[in-house]
Structure formats: structure tokens, C-alpha cells
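Following: one structure in C-alpha cells, then a few remarks.
Note that ligands are numbered from 1 as they come in the structure, with each ligand's atoms numbered from 1 the same way.
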Amino acid sequence: MKFFIDTANLDQIREAHDLGVLDGVTTNPSLMAKEGIKGVENQYKHYVEICHIVQGDVSAEVIATDYDGMIREGEKLAALDPHIVVKVPCIADGIKAIKYFSSKGIRTNCTLVFSVGQALLAAKAGATYVSPFVGRLDDISEDGIALVAKIVEMYHYYGYATQVLAASIRHTAHILQCIDAGADVATCPLSAIKGLLNHPLTDAGLKKFLEDYKRISE
Ligand code: E4P
């Protein structure tokens, strides 16, 4: 399973990249706003900086919600760097835009996906990635991971090449559940990725090894 980090924060992106296991980055307008990056030119520079750090897929979301606007914006984003994946919301004009981008060889991430039906449309339009939002479904007492599993199963059954990118991951247990569900990618906060390292037996075992070694090294 590929790991993306779900942030526009450069320090966190560098830290995850330095760990050596980072495959890409997802951003969205809220994450860009969190970093306070004002103005389109600065936002575009920020995307390029992220691409230079990770050298992996970087999702940059269109703001337009109409077909022509999405095409204009998506083409500009895609031209910034070969690693850019144009993120498009799962609405009618978005599906049409994904179809257009796919015909031009521009890679896409269909975002804000909350049902198998939406995932089917994204795949038929030729999306590179589809992003079911796990945490937001859990927030309304639905089962986000069950949706990921159903999309994975549907894509395998029909042979769609679209990769399932589990988004809105909130904690380490979600990542483990994504593995069980067969997600191709999980995009996670840094804390959730680092949480995978934690095990009390690792800490206790290492402490004991170092204590025992100290006895023979003096
Ligand atoms: C990433 O592609 C999504 O935009 C992001 O995971 C949404 O996460 P949230 O539900 O925690 O805002």
C-alpha cells in the first residue's frame, strides 16, 4: 500500500519524506488555507515546492466548480510539474472534466467520494485515483472503511485501473483497516503514520538489549 501525507505543511512533508516511506502528498483548499498561503501564484509555487521535496504524486485541487473553469485550472496545475495530479470534486462537471483530462493524459484524483456509485462514475471517466473519505463517513455514523472495501471489490470485479486512495484518515487504526480493505493508497496525517511505529514490546525489547550489552561492554 502506498503512503501519501495529507497536508500542505512543508515541515511535515519533509519529516515524512525523510522517513523514506512517503509516496506522495494530498492537499485540499482547507489544508492550503491552514498554511495561510494567499494568492494563486503563491499557491502554485507552494505546489511546486512540495513536488520538489517528494518527487511523488501531489494532488492539487481545482477551485472552479464548472466544466470550463475546471479545465482551465486543471491544465495550469498539471503544467506546474509532472508530479501534479489534478484533484476534481465528484460532481457532474467534475466527472466530465476527469474524462477530458484522462483523454489528454492528465492524471486526476476524484475527491469527495462517499458512495460506490460515485466511485463507479470516477472510474468510468478514467480517474487515476478515487478518494473515499473515511473519517467524514465515520463522523456521521457510517462505515468509511466498509466503503473503501466495497470500491476495491467493485474495481477488481470490473477490472478498472483507478486506484483507491483512502482519504480523511484520522488515526493509525484507520491505516491498518485500509490494509485489510485492500486500499491502494492511504493519505494520512503525519501523526497516524508515526503511530505505526509504536509498540511497547519494541521499546521494552530495545531497552533490555541495550542494558544487556552494557554489561559486556565495560
Ligand atoms: C484528502 O485528499 C482529503 O481532502 C482529506 O483527506 C480530507 O480529510 P478531512 O476529512 O480530515 O478534512
Side-chain angles (χ1 to χ4, degrees), residues 1-10 12-13 16-17 22-37 43 46-47 50-51 53-54 56-65 70 73-74 77-78 83-91 94-95 97-98 101 106-115 118-119 121-123 125 127-149 151-152 162-179 181 183-196:
M1 189 173 72
K2 286 193 279 188
F3 268 130
F4 290 178
I5 188 167
D6 196 23
T7 184
N9 182 281
L10 296 180
Q12 290 191 19
I13 293 168
H17 175 71
L22 190 66
D23 300 297
V25 176
T26 50
T27 64
N28 64 34
S30 305
L31 293 170
M32 293 293 279
K34 202 170 162 190
E35 298 310 310
I37 304 147
Q43 287 156 14
H46 198 77
Y47 289 135
I50 294 174
C51 290
I53 297 170
V54 297
D57 289 355
V58 174
S59 288
E61 189 158 340
V62 296
I63 304 302
T65 53
M70 285 188 206
E73 221 182 308
L77 288 168
H83 292 104
I84 291 284
V85 175
V86 179
K87 206 173 178 194
V88 180
C90 193
I91 55 177
I95 296 297
I98 288 169
F101 289 134
I106 293 175
R107 294 174 313 134
T108 52
N109 173 356
C110 185
T111 190
L112 288 166
V113 166
F114 294 93
S115 74
Q118 290 177 316
L121 292 174
T128 313
Y129 295 104
V130 68
S131 287
F133 275 37
V134 173
R136 291 194 197 188
L137 279 170
D138 288 2
D139 288 345
I140 58 160
S141 304
E142 291 196 23
D143 189 341
I145 292 293
L147 175 64
V148 171
I151 297 172
V152 167
T162 303
Q163 296 177 58
V164 181
L165 192 172
S168 189
I169 296 295
R170 300 277 165 77
H171 45 70
T172 305
H174 269 157
I175 303 180
L176 301 175
Q177 291 160 357
C178 283
I179 296 169
D184 298 290
V185 190
T187 187
C188 322
L190 181 61
S191 57
I193 299 175
K194 284 160 81 174
L196 291 170

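- With sequence neighbours excluded, the residues forming a side-chain contact (heavy atoms from CB on, under 4.5 Å) with Asn28 are Ser30, Leu31, Glu61, Lys87, listed by chain and number.
- Judged by distance alone, the side chain of Thr111 and the main-chain N or O of Val88 form no donor-acceptor pair under 3.5 Å.
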Ligand 1 polar-atom proximity to protein (N/O, under 3.5 Å):
residue, atom, partner, partner atom, Å
ligand 1, 2 (O), Lys87, NZ, 2.7
ligand 1, 4 (O), Asn28, ND2, 2.7
ligand 1, 4 (O), Lys87, NZ, 3.1
ligand 1, 6 (O), Asp6, OD2, 2.5
ligand 1, 6 (O), Ser168, N, 2.7
ligand 1, 10 (O), Arg136, NE, 2.7
ligand 1, 10 (O), Ser168, OG, 2.7
ligand 1, 10 (O), Arg170, NH2, 3.1
ligand 1, 11 (O), Arg170, NE, 3.3
ligand 1, 12 (O), Arg136, NH2, 2.8

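- Applying the side-chain contact (heavy atoms from CB on, under 4.5 Å) rule to Ala60 yields the partners Tyr47, Leu77, Ile84; only residues at least two apart in sequence or on another chain are considered.
- The closest donor-acceptor contact from the side chain of Gln177 to the backbone of Ile145 lies at 3.5 Å or more, if one exists at all.
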Give the C-alpha distance, both sets of side-chain angles, the deciding distance and a yes or no for salt bridge (Lys or Arg N to Asp or Glu O under 4.0 Å) between Asp139 and Arg170. CA-CA 11 Å; Asp139 288 345; Arg170 300 277 165 77; 3.0 Å; yes
Indicate every side-chain donor-acceptor pair of residues 1-10 with a distance under 3.5 Å to a residue at least two apart or in another chain.
residue, atom, partner, partner atom, Å
Lys2, NZ, Tyr129, OH, 3.2
Lys2, NZ, Gln163, OE1, 3.1
Asp6, OD1, Thr26, OG1, 2.8
Thr7, OG1, Asn9, N, 3.0
Asn9, OD1, Asp11, N, 3.1
Asn9, OD1, Gln12, N, 2.9
Asn9, ND2, Glu35, OE1, 3.1

